[in-house]
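Here the structure comes first, spelled out in structure tokens, and everything after it is commentary.
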Amino acid sequence: MSDVLTIKNLTKYYDSFLAVDNVSFSVKEAEVVGLLGPNGAGKTSIINMILGVLQPDDGEIIVFGKDLKKNKTQILQRINFAATYCSLPGNMTVFQNLYFFGLLYNVKNLKEKIDELGKEFELEELLNKKVGLLSSGEIARVNLAKVFINEPGLILLDEPTSSLDPNVAKHLREKILKKTKEQKISILWTSHNMTEVEMVCDRILFIMHGKILISGDPKQLPSMYNKKNLEELFIHLVKEEFVLEKEI
């Protein structure tokens, strides 16, 4: 399988603070890669650089075989993004939100596409309701409909199920995986939910202080480090790094 996303020596400073430190990795076609790490590790900075929101200080971002710097508009037409901290306009209806984003992505037969996604994500009765009046689970479904509206080749998900109850989160994960496998979509997925990561990710990258510490199959990595599960490994890595910092 070919690489949909290739990151080479990506570096980002905020003034003198090194947030992303010479990071390199790739995501293959139809692969779900988890980007894990504690708060402030650099995960969101990496996602924002892939989205073109932040400019890297060094390194390359290659998407669909093309340099993001030189082909930003063309590449972003084939990417989509969702995060709980990025709110949809609450004074607009679900239909208006989806229609607006569909226009941004130049989606053909947009009304038909919205009808299709409305059925798929169980939004039919919510299309004329303002987003600000929806529950967190309903908003999450709208966000996912927005994510798939342009039939992307790469999706960036930053904590997509955080704050949702377990049943709703499970339902949304199943929806995401079903569509991504059917359409061979690649995903870069950040999460603090290690059970979720084990369920959805083919491979994980654990990042700390802007550097990738370990990577591999989330089902195999814990035993390689003599840990019972991914959550125990996560806690171990954070504690070990904290101890090293204190010793230094």
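None of the values given here were measured: they were computed from a predicted structure.
Summarising the geometry, atom CG belonging to Leu18 is positioned 9.0 Å from atom CG belonging to Asp57; distances are rounded to the nearest 0.5 Å. Atom CG of residue Leu154 and atom CD1 of residue Ile50 lie 7.0 Å apart, to the nearest 0.5 angstrom. In this structure, CG in Leu156 is found 11.0 Å from CD1 in Ile46, a value given to the nearest 0.5 Å.
By the side-chain contact (heavy atoms from CB on, under 4.5 Å) test, Met92 is found to be paired with Pro89, Gln96, Asn97, Phe100, residues two or more places apart in sequence or in another chain being considered. Residues forming a ring-ring contact (aromatic ring centres under 6.0 Å, His included) with Phe64 (at least two apart in sequence, or on another chain): none. The ring-ring contact (aromatic ring centres under 6.0 Å, His included) search around Phe234 returns Phe206, not counting sequence neighbours.
The closest donor-acceptor contact from the side chain of Ser26 to the backbone of Asp3 lies at 3.5 Å or more, if one exists at all.
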Tell me, with the steps shown, if Thr11 and Asp21 meet side-chain hydrogen bond (donor to acceptor under 3.5 Å, both in side chains). CA-CA 5 Å; Thr11 301; Asp21 186 2; 5.3 Å; no
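A donor and an acceptor atom, one from each side chain of Thr93 and Asn128, are nowhere located under 3.5 Å apart. Between the side chains of His171 and Glu122, at least one donor N or O lies within less than 3.5 Å of an accepting N or O. Judged by distance alone, the side chains of Ser186 and Glu29 never bring a donor and an acceptor atom under 3.5 Å apart. Looking only at atom types and distance, the side chain of Thr161 has no donor-acceptor partner in the side chain of Asn193 under 3.5 Å away.
The salt bridge (charged side-chain N to carboxylate O under 4.0 Å, His left out) with Glu151 is formed by just one residue from the set Lys179, Lys113, Arg78; it is Lys113.
Between Trp189 and Pro160, the closest side-chain pair of non-hydrogen atoms falls below 4.5 Å.
Electrostatic pairing of Arg173 and Glu196 counts as a salt bridge here, judged by a charged N lying under 4.0 Å from a carboxylate O.
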